[in-house]
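By convention here, the first residue in the shown sequence is residue 1.
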Amino acid sequence: MQVLTPIALLLAVAAAACTRVPELEDRLTPDLRSADYPRLLPLDDALEPLDPPQQASQELKNELDARSDRLKRRAEAVKNAEL
């Protein structure tokens, strides 16, 4: 009985994968149906280059230091505020 359940599940998934989805297919216009596939680009050309790790880490450190300073000033202002 335990072997039958995974097999039944696999068959159900396979049948669902082969089903025609009219809501999606009927939305395509004739010119889209006959359109060529888009040209594929190498991944290196499609993505912008990353900053060198040393530069990126220095920028992150500067940003975190500035945020820390702002939070310390806010905490000091709250501590000194008269209620």
Side-chain angles (χ1 to χ4, degrees):
M1 184 68 176
Q2 287 183 338
V3 174
L4 187 59
T5 304
I7 293 174
L9 181 62
L10 181 64
L11 290 175
V13 169
C18 296
T19 303
R20 181 178 174 273
V21 183
E23 300 86 28
L24 298 177
E25 291 180 9
D26 293 342
R27 289 185 178 182
L28 295 176
T29 59
D31 59 327
L32 285 177
R33 286 185 189 275
S34 63
D36 292 334
Y37 283 102
R39 187 173 63 88
L40 298 178
L41 296 174
L43 193 56
D44 291 337
D45 296 343
L47 300 175
E48 65 182 48
L50 297 175
D51 293 333
Q54 296 83 5
Q55 180 182 350
S57 66
Q58 185 61 41
E59 290 172 1
L60 178 61
K61 181 185 179 309
N62 294 342
E63 183 180 327
L64 291 175
D65 288 343
R67 183 176 180 197
S68 174
D69 292 340
R70 284 193 309 271
L71 289 172
K72 287 177 184 176
R73 285 193 305 269
R74 284 178 60 191
E76 193 63 35
V78 168
K79 191 187 319 183
N80 295 334
E82 292 188 25
L83 298 177

- Please determine, by modelled atom types, if Glu59 and Gln55 share a side-chain donor-acceptor pair under 3.5 angstrom. yes
- Query: Taking everything shown except Leu40 itself, do over 12 heavy atoms lie less than 6.0 Å from its CG?
  - Reply: no
- Task: Kindly check if the number of other-residue, nucleotide or ligand heavy atoms within 6.0 Å of CG (Asp36) is above 12?
- Result: no
- Task: Please determine if Asp69 and Arg73 form a salt bridge, counting it only when a charged side-chain N lies under 4.0 Å from a carboxylate O.
- Result: no
- CG of Asp51 to CG of Leu60, rounded to nearest 0.5 Å, is 11.5 Å
- Task: Keeping the roles fixed (side chain from Asn80, backbone from Glu76), state whether a donor-acceptor pair exists under 3.5 Å.
- Result: yes
- Query: To the nearest 0.5 Å, what is the distance between NZ (Lys61) and OG (Ser68)?
  - Reply: 10.0 Å
